[in-house]
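Here the structure comes first, spelled out in structure tokens, and everything after it is commentary.
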Amino acid sequence: MPEDGIKPASNFIRNIIEDDLKTGRWETHIHTRFPPEPNGYLHIGHAKSICLNFGIASDYGGLCNLRFDDTNPGKENIEYVESIKTDVRWLGFDWEDREFYASDYFEALYQYAVDLIKKEKAYVDTLSAEEIRKYRGTLTAPGTDSPYRNRSIEENLDLFSRMRGGEFAEGTHVVRAKIDMASPNLNMRDPVLYRILHAHHHRTGNKWCIYPTYDFAHGQCDSIEGITHSICTLEFEDHRPLYDWFLASLEIHHPRQIEFARLNLTHTVLSKRKLIRLVQEGHVGGWDDPRMPTIAGIRRRGYTPESIRTFCERIGVARANSMVDIALLEYCIREELNRKAPRVMGVLHPLRIVIENYPENQVEMLQAVNNPEDPKMGAREVPFSRLLYIEQEDFMENPPKSYYRLAPGREVRLRYAYFIRCTGVVKDPTTGEVIELRCMYDPATKGGDSPDGRKVKATIHWVSASHAVTAEVRLYDHLFAKENPDEDKEGPGFQVNPNSLQRLTSCKLEPSLSGATPGSRYQFERLGYFYVDPVDSDIQKKVFNRIVTLRDTWAKIQKKGA
RNA sequence: UGGGGCGUCGUCAAGCGGUAAGACACAGGAUUUUGGUUCCUGUAUUCGGAGGUUCGAAUCCUCCCGCCCCAGCCA
């Protein structure tokens with residue numbers, strides 16, 4: 001369990017556990033589990049659950065298992081189990097040798113069902129799926145008993161064993177619990193325990209053609225593993241009476257189930273169904289598209305595990321449905337990278353400038369601090385010459401008063417270099433677009449200090465043209481422009497933010513970046529934090545993903561003016 | 001409509017009968033060779049509403065209102 005220096009906040013689950021500890025409710029250590037179904041990639045909502053379950057186990061001297069809920073072979077596969085293991089590990093958690101699968105317990109689960117049949121608490125039903133639905137009743141009307149509800153124990157046992165033996169087609173029989181068809185809780189109206197599925201299972205192969213439902217498997221799996229606290233999301237609260245019923249009828253270890261609200265995040269979607277659609281319909285590049293809220297996407301974007309853990313700590317855990325502002329996630333990564341990321345200069349939208357009074361073939365190496373937050377990170381040299389690139393945004397021909405940067409006749413500082421004054425503007429004769437600036441530098445201001453105490457309003461970044469490394473930079477923004485895309489009526493397609501990805505292929509970076517290794521992170525001064533994409537970068541061409549921008553006060557001022 | 005939950009600042013969220021933590025966001029200001037960082041300062045006389053109990057209520061009781069979940073042989 002990693003140490004992030006953030007003390008866990010009080011929450012109702014921790015309160016319950018501390019209470020249990022005080023009253024000695026359990027004879028053993030605290031035991032939790034993270035129980036994903038391997039039918040898709042994990043997302044930031046799962047990270048909340050992972051941090052919760054592993055975090056609690058570690059903080060209270062307990063253990064946390066990883067258990068795959070693989071009871072529906074049609075939707076599950078190995079790719080997903082591998083990706084889940086990768087993601088949990090990447091987040092910094094270790095399940096040691098406690099990697100389990102519901103399918104490990106198929107035999108035990110089968111015996112549990114036999115046990116219930118013998119106790120006359122379960123029966124084989126031969127109604128069709130549609131008939132079962134009809135017999136179930138509605139929210140307000142009670143259901144009706146199946147005509148097969150009172151089969152004898154012997155007949156039930158025989159049928160169940162023949163179901164297992166493969167004698168029947170899918171859908172012809174199910175095993176149901178015999179509870180109460182008139183219960184106001186629909187989960188108690190004789191729920192299905194086993195169904196026939198002639199499907200290949202990714203772990204048990206063709207050994208089984210009947211599979212337990214989630215409801216019948218989950219609680220018993222927790223019980224078998226000696227779980228003390230089964231932490232799950234709110235929608236399972238209605239199922240708890242059913243799980244209690246199973247555990248009591250079977251007379252086996254009874255974990256305490258606690259439900260909490262799942263995470264919702266602004267400007268994205270977090271339902272597996274929608275995520276899988278984004279991937280399959282090609283709205284994004286894949287599960288690891290850096291815009292995706294999946295762990296794989298977040299990792300590819302350049303977020304760190306620590307920042308995700310910190311985020312999960314800060315959002316808290318409660319029972320109220322809520323929508324967390326994605327700005328908090330962004331804050332968490334900025335906070336970490338401000339401390340850790342080396343600073344470099346890179347120009348995304350280059351504008352050529354010529355320093356007219358700088359000698360034609362001269363090159364100076366200037367000292368630049370690697371991280372003002374951490375002197376131990378040292379300094380580096382950046383080359384300066386007559387021909388430079390600056391950011392197009394850092395020049396305005398007719399600037400408003402609030403604009404501090406370069407303009408005709410104005411003076412600014414080039415970071416770590418010199419003061420320069422803009423003396424001329426070269427435009428494309430046909431389009432009128434500014435294509436080059438003519439400037440004069442003040443040799444007395446070398447390094448950026450002015451001996452005469454002269455002040456300058458802005459410091460801008462730059463890159464020496466002849467020394468620059470050309471790279472591709474991918475600017476990412478929120479996947480959805482809308483704060484809550486779920487509010488959109490289920491239309492024909494997704495309204496993915498058209499500006500969620502911007503690819504810039506001729507960015508000019510300072511030469512030290514030629515040695516940047518894939519997977520490393522930098523702050524491009526004044527622009528944001530960037531990650532060397534480990535998938536698309538190679539020795540010749542580097543690809544940088546923008547993780548997040550810096551806080552941008554100027555953008556705010558501009559927005560207000562507009 | 002039957003059942004189960006939930007409602008504390010713009011967003012999360014602590015609070016568990018003794019007089020509203022914290023974080024993000026937002027707004028000012030200071031410092032700054034990143035309009036970054038950091039640092040101050042401000043921001044719920046009030047806890048969905050109305051009654052009641054109490055010396056005292058966000059916390060207990062009653063009623064009302066709003067939102068979420070459940071009618072898969074999905075999880």
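So you know, we letter chains A, B, ... as the sequences are listed, proteins then strands, and number each from 1.
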Whether [X] side chain and [Y] backbone form a donor-acceptor pair below 3.5 Å:
X	Y	result
A:Arg162	A:Phe168	no
A:Asp215	A:His239	no
A:Ser450	A:Asp452	no

Does [X] put a side-chain nitrogen or oxygen below 4.0 Å from OP1 or OP2 of [N]?
X	N	result
A:Thr266	B:U11	no
A:Arg319	B:G5	no
A:Arg136	B:G72	yes

Can you tell me the pairing partner of [N] across any strand shown, Watson-Crick or G-U wobble, with both distances under 3.5 angstrom?
N	result
B:U53	none
B:G66	B:C6
B:A23	B:U11
B:C16	none
B:U59	none
B:C39	B:G29

In whole Å, what separates the [atom1] atom of [N] from that of [M]?
N	M	atom1	answer
B:G52	B:C67	C1'	26 Å
B:G72	B:G18	P	47 Å
B:G66	B:A71	C1'	24 Å
B:U54	B:U59	C1'	13 Å
B:U46	B:C9	P	13 Å
B:A14	B:A23	C1'	11 Å
B:A25	B:U11	C1'	7 Å
B:A21	B:G29	C1'	25 Å

Atom pair distance, as rounded to whole Å: [atom1] in [X] and [atom2] in [N]:
X	N	atom1	atom2	result
A:Arg14	B:G15	CZ	P	12 Å
A:His239	B:C69	NE2	C1'	9 Å
A:Phe395	B:G35	CZ	C1'	19 Å
A:Asn39	B:C74	CG	P	13 Å
A:Tyr416	B:G36	OH	C1'	12 Å
A:Met345	B:G36	CE	P	18 Å
A:Glu259	B:C68	CD	C1'	14 Å
A:Glu330	B:A23	CD	C1'	16 Å

- A:Tyr41 vs A:Glu79, side chain to side chain donor-acceptor pair (under 3.5 Å): CA-CA, chis, key distance, verdict: CA-CA 9 Å; A:Tyr41 277 60; A:Glu79 179 197 347; 2.8 Å; yes
- Query: Parallel under 30°, tilted from 30 to 60°, perpendicular over 60°: which one fits the rings of A:Tyr211 and A:His201?
  - Reply: parallel
- Message: Below 30° counts as parallel, above 60° as perpendicular, anything between as tilted: where do the rings of A:Phe160 and A:Tyr110 land?
- Response: parallel
Considering every strand and a 4.0 Å limit on heavy-atom distances, what is the contact class for [X]: base, sugar-phosphate, or nothing?
X	value
A:Val369	nothing
A:Gln523	base
A:Leu263	nothing
A:Lys272	nothing
A:Arg343	base
A:Phe236	base
A:Asp238	base
A:Tyr418	nothing
A:Arg314	sugar-phosphate

- For A:Phe68, ring pair (Phe, Tyr, Trp, His ring centres under 6.0 Å) partners two or more places apart: A:Tyr101
- Note on the structure: Sorted by chain and residue number, the ring pair (Phe, Tyr, Trp, His ring centres under 6.0 Å) partners of A:Tyr522 (sequence neighbours excluded) come out as none
Go through [options] for me and flag the one nearest to the [X] side chain.
X	options	result
A:Asn72	B:G4, B:A75, B:U34	B:A75
A:Asn15	B:C16, B:G36, B:A13	B:C16
A:Thr553	B:C12, B:G36, B:U34	B:G36
A:Ser322	B:C12, B:C73, B:C6	B:C12
A:Asp552	B:C24, B:A71, B:G35	B:G35
A:Ile132	B:C12, B:C73, B:U34	B:C73
A:Ile557	B:G35, B:A75, B:G36	B:G35
A:Pro372	B:U34, B:C73, B:C26	B:U34
A:Ser10	B:G15, B:U34, B:C24	B:G15

- Query: For A:Glu130, does the CD atom have more than 12 heavy-atom neighbours from other residues, nucleotides or ligands under 6.0 Å away?
  - Reply: no
- Query: Do other residues, nucleotides or ligands put more than 12 heavy atoms under 6.0 Å from A:Glu483 CD?
  - Reply: no
- Query: Taking the nucleotide of RNA chain B with the closest heavy atom to each, which residue, A:Thr140 or A:Leu234, is nearer the 5' end?
  - Reply: A:Thr140
- Message: Go nucleotide by nucleotide along RNA chain B from the 5' end; which of A:Thr213 and A:Asp449 gets its closest nucleotide reached first?
- Response: A:Asp449
- Query: Are the side chains of A:Phe260 and A:Lys48 in touch, meaning some heavy atoms are under 4.5 Å apart?
  - Reply: yes
- Side-chain donor/acceptor contact of A:Glu373 with base of B:G36 under 3.5 Å: yes
- Item | Glycosidic conformation of B:G72, taking syn as within 90° of 0 and anti otherwise | syn
- Message: Just to be sure I understand the geometry, which residues of residues 177-192 of chain A put a non-hydrogen atom under 4.0 Å away from RNA chain B?
- Response: A:Pro184, A:Leu186, A:Val192
- Message: Does A:Asn72 form a side chain to side chain contact (heavy atoms under 4.5 Å, CB included) with A:Leu197? I'd like the steps, not just the answer.
- Response: CA-CA 9 Å; A:Asn72 189 3; A:Leu197 253 27; 4.2 Å; yes
